[in-house]
Protein chains: 4
Amino acid sequence: MSTTTMIVGGSAGLGLAVARQRVERGDHVIVTSRCEQRADRAAQQLPGPARGVGLELTEPRSFADALSEINRIDRLVLAATERGGAALPELNVDEATRVVTAKLVGYLELTRLLRPRFSAEASVVLFGGTAKDRPEPRSTLTTVTTQAVSGMVRTLASQLAPHRVNAIHPGAVGDSPRWASTPEPPGLARTPIGRLVTTAEVVHAVEFLLTNTGINAQDLHLDGGVTIT
Amino acid sequence: MSTTTMIVGGSAGLGLAVARQRVERGDHVIVTSRCEQRADRAAQQLPGPARGVGLELTEPRSFADALSEINRIDRLVLAATERGGAALPELNVDEATRVVTAKLVGYLELTRLLRPRFSAEASVVLFGGTAKDRPEPRSTLTTVTTQAVSGMVRTLASQLAPHRVNAIHPGAVGDSPRWASTPEPPGLARTPIGRLVTTAEVVHAVEFLLTNTGINAQDLHLDGGVTIT
Amino acid sequence: MSTTTMIVGGSAGLGLAVARQRVERGDHVIVTSRCEQRADRAAQQLPGPARGVGLELTEPRSFADALSEINRIDRLVLAATERGGAALPELNVDEATRVVTAKLVGYLELTRLLRPRFSAEASVVLFGGTAKDRPEPRSTLTTVTTQAVSGMVRTLASQLAPHRVNAIHPGAVGDSPRWASTPEPPGLARTPIGRLVTTAEVVHAVEFLLTNTGINAQDLHLDGGVTIT
Amino acid sequence: MSTTTMIVGGSAGLGLAVARQRVERGDHVIVTSRCEQRADRAAQQLPGPARGVGLELTEPRSFADALSEINRIDRLVLAATERGGAALPELNVDEATRVVTAKLVGYLELTRLLRPRFSAEASVVLFGGTAKDRPEPRSTLTTVTTQAVSGMVRTLASQLAPHRVNAIHPGAVGDSPRWASTPEPPGLARTPIGRLVTTAEVVHAVEFLLTNTGINAQDLHLDGGVTIT
């Protein structure tokens, strides 16, 4: 019986890259996106069995319907990002409420609903980011929600035990649309390995967290070593 | 000119204890509570100049009015607790949204509004808790929001620089109403100092964070050493 | 050209398990042991090209000779353990000096000598242990030296850049000689995954640290989630 | 009955500053130095009851004699620094062995010998430094030994319980001889508070760790917030 991997926020970026790798290794993949059409298009482009699901993280009360046709989950990857970028003086209460609802309440409610469908070996990976420890000047909410990911890892590893729950916290990804065209991305000069990390390295680390059956409740930082500088 | 200390969530518990200590050392104190009457009553009982302000953290759009008469802040202590205690299976989306709105959006919006009234030496202390690293079985949200406090410390220390921002993370407080009457509080047997920490010790640690002019962006854990067990 | 992996402390236990996995994937392996004969015997039992080297970690001045025939290193795994188990009242100065010399000075001197032989892609993994954060009652030195491993990871990632340096900190390993025959190993009841980690899981994690080209300067804790309890 | 505070490495720098503060608040102070005469001179200059003791940390077997006239300890501050500054290529085995013997074996042996003389309320503070997380390019050993201080805090808090053991990790101290005359000290531009920390702030933090009866097994970082940058 094949493995079913669900990737929330799997229609683009790192989430889509994880989806592709899982399809290539034989999984059945479910990708979600705020927009159902975008989820479907992403699923169709994957080289194997995949389907799309529309899931609006900012509306947790809509999840039960959206997830009604999902019967079993072996791997759950929570990779959705909410752009809520603003420095403190420009913080907008409505937007901030939307971001924390999506990222915190949304992730918890989603996990609550899916838990009864977890297979015996199911495990969870959440995406955070290195902004959790080193705040980005222009986004006060990113640091708050990525630290909250550490909290979700801990409480979910406790609440979902014996299922494993871990987080991946990538630094700036060099071949991402955001940084690929920037001549001198922030942090590059400080990175001991001499370059930014890549999408492939992040996907490889997610694969490690999903498949190593002993690692649990950990925050894995993948940033080429910026931490020590 | 006397120092003005504002304590959000200062009408009871650890917040009130901090308020009392600050009044005793000569500060003018502002205590807030969800209920204006309760804030007023708490202020009246303090042995010195103090006033109460009604502040509903779950409604950040109401802050501007509530804070209109505050002109200057020298110390800001964010000590409000939102009881959102539920294990994951009982998580309620509305209540969870209320808790993260109050604790995350509320704290950020409050800081945004007060920043222009900060005196040159102003500093901030946020209350978290040791549940941030060790989840309580019955409250999945507490771990998420107390970890998020670490994120707020980091982003606020960056956004409010050169003002200092730190967090205090107390363990179970032995003389608090919650634990004082429990014969065998959780964690007691594991605490190296042989007893739970006290309200006076928490107040002393907050005083340290407010007055040591070099400490910044730190999470101070005060739990008698449970961390190592 | 095949990959050369050197495993210091590779004649038994986790080090030998890593050696076997590296041989099976096609590496040329060098295992060291305090006793040259034991190193040779371990090498001969491995299912592929391997040789043994006698290396007495407590005598760093002897390293240059011992390493004279090693020309190139692609992977360096520092897995030697020094049993220095004593509670504080029984601490013995000579034994303690021997342990810190072997583990700290020995590891640093070894790395210093081997660095010029590193291939372009060489990376390093050090073994620590979860005692670094949670002291074992009967071994005060283990906590000190495993925390020092975190320090070595940081300084070596800086000094050897762009080479990557990481640490693996396993919890109690359920199928190790030490715990396999113990009916109720310490920590088992507290482990969220419901069992201790295995040798295979540790080997898999070391493989991840050696091959993921983005991870650097990290402490990877592999303990089934005991951290959060 | 007055409090007796012993400061190992108390004849200069931060250790001497702590000694002065403790004498001013009425303690009887014992300062140690490698050189007995230097210890005596430092003691004589203190404005109150103080005496010097010669203690060579690199020779733990000499401690029993050196400490023979000490009957009671209420506070123990381990502030000695061993200059072992070298980048990895210049690491010297003899010097490195001396440094780790002094800092690790020395501290542990000293604590072992003094423990029976601890009063009921005795507590311990160890000095580390922020190099523990951010290695200095020119001193590979400093990062290793300051991380090991974190290990000593944990194992000693366990072994000496219910006595409290904590560490202070200062960043670069702006008014120290080392940095006071440097126009642009490293890290200054990155410090959120806009200046380096001061000796007075470090002394204040040590006082907090010695007198707050709830704080235990903690690493207190005092660096003006460099951590988040």
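Basis for what follows: all heavy atoms, side chains included, without hydrogens, waters or symmetry-related copies. Chain identifiers are assigned alphabetically (A, B, ...) following the order of the sequence lines, protein sequences preceding nucleic acid strands; residue numbering begins at 1 within each chain.
- Contact count versus chain D (heavy atoms, under 4.5 Å) is highest, among C:Thr143, C:Val100, C:Leu88, for C:Leu88.
- Within the 3.5 Å criterion, the main-chain N or O of D:Val93 finds no donor-acceptor partner in the side chain of C:Glu109.
- The most heavy-atom pairs under 4.5 Å with chain D, out of C:Thr145, C:Thr101, C:Asp133, come from C:Asp133.
- In this structure, C:Leu141 and D:Val105 have side chains that are not in contact, with every pair of non-hydrogen atoms separated by 4.5 Å or more.
- By a heavy-atom distance cut of under 4.5 Å, not one residue of residues 220-229 of chain D is near chain C.
- Only the side chain of C:Leu104 comes within less than 4.5 Å of a heavy atom of chain D; its backbone N, CA, C and O stay farther away.
- In this structure, no portion of C:Asn92 lies under 4.5 Å from any heavy atom of chain D.
- Between atom CD of residue C:Glu136 and atom OG of residue D:Ser158 there is a gap of 10.0 Å, rounded to the nearest 0.5 Å.
- Among the residues in residues 112-127 of chain C, those with a non-hydrogen atom closer than 4.5 angstrom to a non-hydrogen atom of chain D are C:Arg112, C:Arg115.
- Using a 4.5 Å heavy-atom cut-off against chain D, no residue of residues 206-214 of chain C qualifies as contacting.
- Listed options C:Arg61, C:Arg134, C:Glu90 were ranked by heavy-atom pairs under 4.5 angstrom with chain D; first place goes to C:Arg61.
- At least one donor-acceptor pair under 3.5 Å links the side chain of D:Gln159 to the backbone N or O of C:Pro137.
- Residues of residues 147-157 of chain C lying under 4.5 angstrom from chain D, judged on non-hydrogen atoms, are C:Gln147, C:Ala148, C:Ser150, C:Gly151, C:Met152, C:Arg154, C:Thr155, C:Leu156 in numerical order.
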